[in-house]
Amino acid sequence: MSDAHNYTSDENPYLPKPARIIRTLPQILDHQLFQIRFEKEEMINNFTYRPGQFVMLSVIGTGEAPFSISSSPTRPGIIELCVRRIGHVTNALFKLPPNAPVGIRGPYGNGFPLDKLEGNNLLLVAGGLGMAPLRSLLRYALDNRSKFKDVILMYGARNPDDMLFKYELLELIEQPDVKCLLTVDTDNSGMWKAHVGVVTTLFDHAEIDPNNTYAAICGPEIMFKYVLEELLKRNFSKNRILMSLERNMQCGVGKCGHCMVGYKYTCLDGPIFNYWDAINLPEMV
Amino acid sequence: MKIITLPKENFAEFVGHLCSFGEIHAPIKRGDRSFVFAPVKDASEIELDCVRTILPLKKYFFRPMEVMFNFCAGEGYEIPSEVTDKRIVVFGAHPCDIHGLNILDMVFNGRYVDTYYLARKSKAAIIGLDCIPDDLCFCRSTRTDFVDTGFDLFLSDIGDKYLVRVGTSLGDDMVRAAESLFYEVQKEDRDAYKRKSIERRESFKTEIQLQDLPGIMDLEYESQVWQDVGETCLSCGTCSMVCPTCYCYSVFDELDLDGSSGRRKRRWDCCLFKDYALVAGGHNFRAKRSSRVKNRYFHKQRGFVSLYGRPSCVGCGRCKAQCPSGIDIVDVITKLRSETRV
Ligand SMILES: Cc1cc2nc3c(=O)[nH]c(=O)nc-3n(C[C@H](O)[C@H](O)[C@H](O)COP(=O)(O)OP(=O)(O)OC[C@H]3O[C@@H](n4cnc5c(N)ncnc54)[C@H](O)[C@@H]3O)c2cc1C
Ligand code: SF4
Ligand code: SF4
Ligand code: FES
């Protein structure tokens, strides 16, 4: 069939590009922020992405796994991944020595629909590790502040020691151009100055206009359920509620089949879905 | 399309000429009633009446297991120096087999191009051959009983000759390499072809209505049928391995004993395996067998339609033929269609 197709110029989409972990910043127990830089100058200069996209990270000799990019494209040069240690690949990642080589390919997935979000209020609701992709969007919005109306973050953790990006978020509380609402389920230290209670209680502290707002929710399923109730009660349209789906991903490029939900590849058509599209996917919500 | 004829007495000689286009692979007998695509030296080994081989043609282009990269600690991943330089000529691909390859072409092309599959595919010539359906074939229902692209040559038996459709320039090269063996189409050949075509159409014993199936599948999403099939399915994965259009795979790194070099490989995977949709932390999106069975049917008959504009089942009957539990796709769909719930 040689004359029907001409593929020779296409590069291998599975090839991890050489990169290095230039710094690791411990976050909370079993969570670290990895700062990664490509080895090749042209990759450093040309790699750009949208908040909400992910990369496939290879630990050489162990395997590959998808991670949301936590940094913002407004700060090019390094990629930040906030990783929870949970299994095969992540265990090996946490054991790597300083400056270790890794492989990165991507960015993949749709990311947040920035063109739609711009000109609107942003309501970011995160729980636990859900902060990882939302931190990218938050940073992007703050670096492009004039493109958005109000920016509100609601982030809940179990206790103060469980809060990712804690110090940088605590600083935001003082900042006038963003409403940063942080809460913990319980505080045994007695030192916690922000809110206590589940994330939905934060809704009492913010005025939200459903017609001019996009909500982006990332977090555990149970949190998702309650936040959704809250938003629907406030008459949010389903397509103004955005969520990030997690699925098993072996390729990231729409081939291996693993991330398929009904009629969508999470890796190509997602991982960001609006709630309307998500309820129309079988096995969802 | 260029159409010519090849008298059957010239067939063996023509196959002899094909060697210069690559190693010839064709259906041969393996065991009592099973057939496989395997290398052949000459025409006499080819089982022209084979209805279906155990494994479909995907095995040539999307290998059951293959090396994607070599790696070395500190150096990262490298593409193996050559995927394959070997040219092959696949002889005896049936219309459904070719449709299966056309479907894989769609999947492995697209925004990201699977270079492994396409490199191999671009080195193969495909010669199709018409067939007479058995009880398990339902390619008429899936509209894959006739094929007009995806082959270099296609042979249809019209009695003492083959009618040969030339699909590509490579096909034309193969004909020209043995030009004296071929003849122009005569009126009697046209008549014979049309007669055969009707005969073939009438020989289908299995028929199901598939055109409106996506809608029915949405409607019967909670059907008891899925529970019932789930109870019988063993999650063995055979149906996916033998399916010409199942393309799922998983990826893993294999470390050598030196602890620093090795290979990244991929191998066929199956959505019916229990851990297929497992994500880190232990959550399994399809922990129940019934939900995995449903997912497989849903993907083939419903999801694929939304993604690529057509169902991915080509009606070859392999899944039924090989399932150790005797699960029959036609039966499942028929039940789904006729089920009335209380
Ligand atoms: C779009 C997306 C974004 C993500 N973003 C982040 C992020 O920002 N931060 C983060 O920490 N995580 C993120 N994740 C989750 C992350 O990808 C997983 O935590 C990671 O894959 C874990 O890899 P592991 O090898 O350490 O875990 P493991 O559980 O060892 O293995 C990973 C995969 O192997 C498979 N597996 C597990 N056990 C078995 C078994 N017994 N047999 C066969 N296969 C098995 C599972 O299917 C699992 O998906 C994201 C996931 C997706 C899809
Ligand atoms: S071959 Fe049959 S038993 Fe095995 S996974 Fe497929 S349907 Fe289930
Ligand atoms: S699902 Fe069964 S009948 Fe359909 S193409 Fe696959 S193996 Fe053939
Ligand atoms: S991750 Fe392989 S298809 Fe989406």
Side-chain angles (χ1 to χ4, degrees), chain A residues 1-19 39 56 58-65 84 86-90 92 100-103 105 108 221 246-265 268-269 280-284, chain B residues 68-69 71-77 79 105 107-116 118-119 121-126 149-152 168-170 221 247-253 255 259-260 262 264 266 269 271 276-281 285-286 291 295 298-299 302-307:
Chain A
M1 299 305 303
S2 44
D3 56 343
H5 309 283
N6 184 6
Y7 315 108
T8 42
S9 65
D10 295 300
E11 68 168 308
N12 186 325
Y14 304 111
L15 180 67
K17 305 285 191 310
E39 297 274 64
M56 295 296 284
S58 284
V59 178
I60 300 165
T62 305
E64 204 174 32
R84 176 173 51 153
I86 189 152
H88 192 53
V89 173
T90 50
V102 291
R105 57 189 181 94
Y108 296 130
E221 229 165 288
E246 193 171 314
R247 282 293 182 279
N248 184 320
M249 291 186 179
Q250 302 279 311
C251 76
V253 293
K255 310 293 179 202
C256 77
H258 280 259
C259 73
M260 182 85 65
V261 258
Y263 5 89
K264 303 272 186 196
Y265 289 111
L268 293 181
D269 307 311
N280 282 304
L281 296 174
E283 303 169 8
M284 281 303 308
Chain B
M68 301 180 80
F69 302 108
F71 60 75
C72 212
E75 278 171 38
Y77 295 83
I79 304 170
D105 282 358
V107 171
F108 286 124
N109 267 299
R111 185 158 24 131
Y112 301 97
V113 170
D114 191 288
T115 41
Y116 304 97
L118 289 159
K121 186 79 195 302
S122 67
K123 299 221 171 62
I126 307 289
T149 68
F151 55 82
D152 297 288
T168 61
S169 164
L170 175 63
Y221 195 72
Y247 54 85
C248 288
Y249 64 83
S250 57
V251 180
F252 59 99
D253 279 9
L255 203 58
S260 71
R264 172 162 292 172
R266 67 173 174 191
D269 202 351
C271 60
Y276 180 86
L278 188 69
V279 291
F285 288 94
R286 281 178 226 115
S291 68
N295 174 67
F298 211 87
H299 169 70
R302 172 74 180 93
F304 205 85
V305 181
S306 302
L307 282 164

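The chains referred to below are lettered A, B, ... by the order of the sequence lines, with proteins before strands, and numbering in each begins at 1. All values reported here derive from a predicted model rather than from experimental measurement. Worth knowing before you read on, the calculation uses all heavy atoms, side chains too, and leaves out hydrogens, waters and symmetry mates.
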Enquirer: Can you name the residues that form a ring pair (Phe, Tyr, Trp, His ring centres under 6.0 Å) with B:F304, not counting sequence neighbours?
Expert: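 Counting only residues at least two positions away or on another chain, B:F304 forms a ring pair (Phe, Tyr, Trp, His ring centres under 6.0 Å) with B:H299, B:Y308.
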Enquirer: Looking only at heavy atoms, which two atoms of B:Y116 and A:N12 are closest? And how far apart?
Expert: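 Scanning both residues, the minimum pair turns out to be OH-ND2, 2.9 Å.
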Enquirer: Relative to chain B, which of A:G61, A:C251, A:G257 shows the most heavy atom pairs under 4.5 Å?
Expert: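 The option with the most such pairs is A:G61.
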Enquirer: Does any heavy atom of chain A fall under 4.5 Å from the side chain of B:Y249, the backbone, both, or neither of them?
Expert: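 For B:Y249, the contact with chain A is made by backbone and side chain together.
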Enquirer: Mind checking the OH-CG spacing from B:Y77 to A:L15? Nearest 0.5 Å is all I need.
Expert: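 The CG atom of A:L15 is 10.5 Å from OH of B:Y77, to the nearest 0.5 Å.
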Enquirer: Under a 4.5 Å heavy-atom cutoff, which of B:D114, B:L255, B:V305, B:V107 has the most pairs with chain A?
Expert: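 That would be B:D114.
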Enquirer: Would you call B:V113 and A:P13 a side-chain contact if the rule is heavy atoms closer than 4.5 Å?
Expert: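 B:V113 does not reach A:P13 side chain to side chain.
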Enquirer: Are B:Y247 and A:K255 close enough that some pair of their side-chain heavy atoms sits under 4.5 Å apart?
Expert: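 B:Y247 does not reach A:K255 side chain to side chain.
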Enquirer: Side chain, backbone, both or neither: which part of B:F108 has a heavy atom under 4.5 Å from chain A?
Expert: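 Backbone plus side chain of B:F108, per the 4.5 Å heavy-atom cut-off to chain A.
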Enquirer: Could you have a look at B:G110, B:C248, B:S306 and say which one has the most heavy-atom pairs with chain A under 4.5 angstrom?
Expert: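 Option with the top pair count is B:C248.
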Enquirer: Looking at CD of A:E64 and CZ of B:F69, how far apart are the two atoms once the value is rounded to the nearest 0.5 Å?
Expert: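 A:E64 CD to B:F69 CZ: 8.0 Å, rounded to 0.5 Å.
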Enquirer: Between A:E39 and chain B, with a heavy-atom cut-off of 4.5 Å, which part of the residue counts as in contact: side chain, backbone, both or neither?
Expert: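 A:E39 has no heavy atom closer than 4.5 Å to chain B.
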Enquirer: Ignoring hydrogens, what is the shortest heavy-atom contact between B:D253 and A:I60? Give both atom names and the distance.
Expert: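 Residues B:D253 and A:I60, closest heavy atoms: OD2-C, 4.3 Å.
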Enquirer: Under 4.5 Å heavy-atom distance to chain B, tell me which part of A:V59 shows up: side chain, backbone, both or neither.
Expert: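 The backbone, not the side chain.
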Enquirer: Give me the atom names and distance for the closest heavy-atom approach of A:P16 to B:R264.
Expert: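 Distance-wise, the nearest heavy atoms are CG-NH1, 3.6 Å.
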Enquirer: Given heavy-atom pairs under 4.5 angstrom as the criterion, report whether the side chain, backbone, both or neither of A:S58 touches chain B.
Expert: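 A:S58 touches chain B through backbone and side-chain heavy atoms alike.
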Enquirer: List the residues meeting side-chain contact (heavy atoms from CB on, under 4.5 Å) with A:H258, not counting sequence neighbours, and say none if there are none.
Expert: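 Applying side-chain contact (heavy atoms from CB on, under 4.5 Å) to A:H258 gives A:N248, A:Q250, A:C256, B:S250, B:D269, B:Y276.
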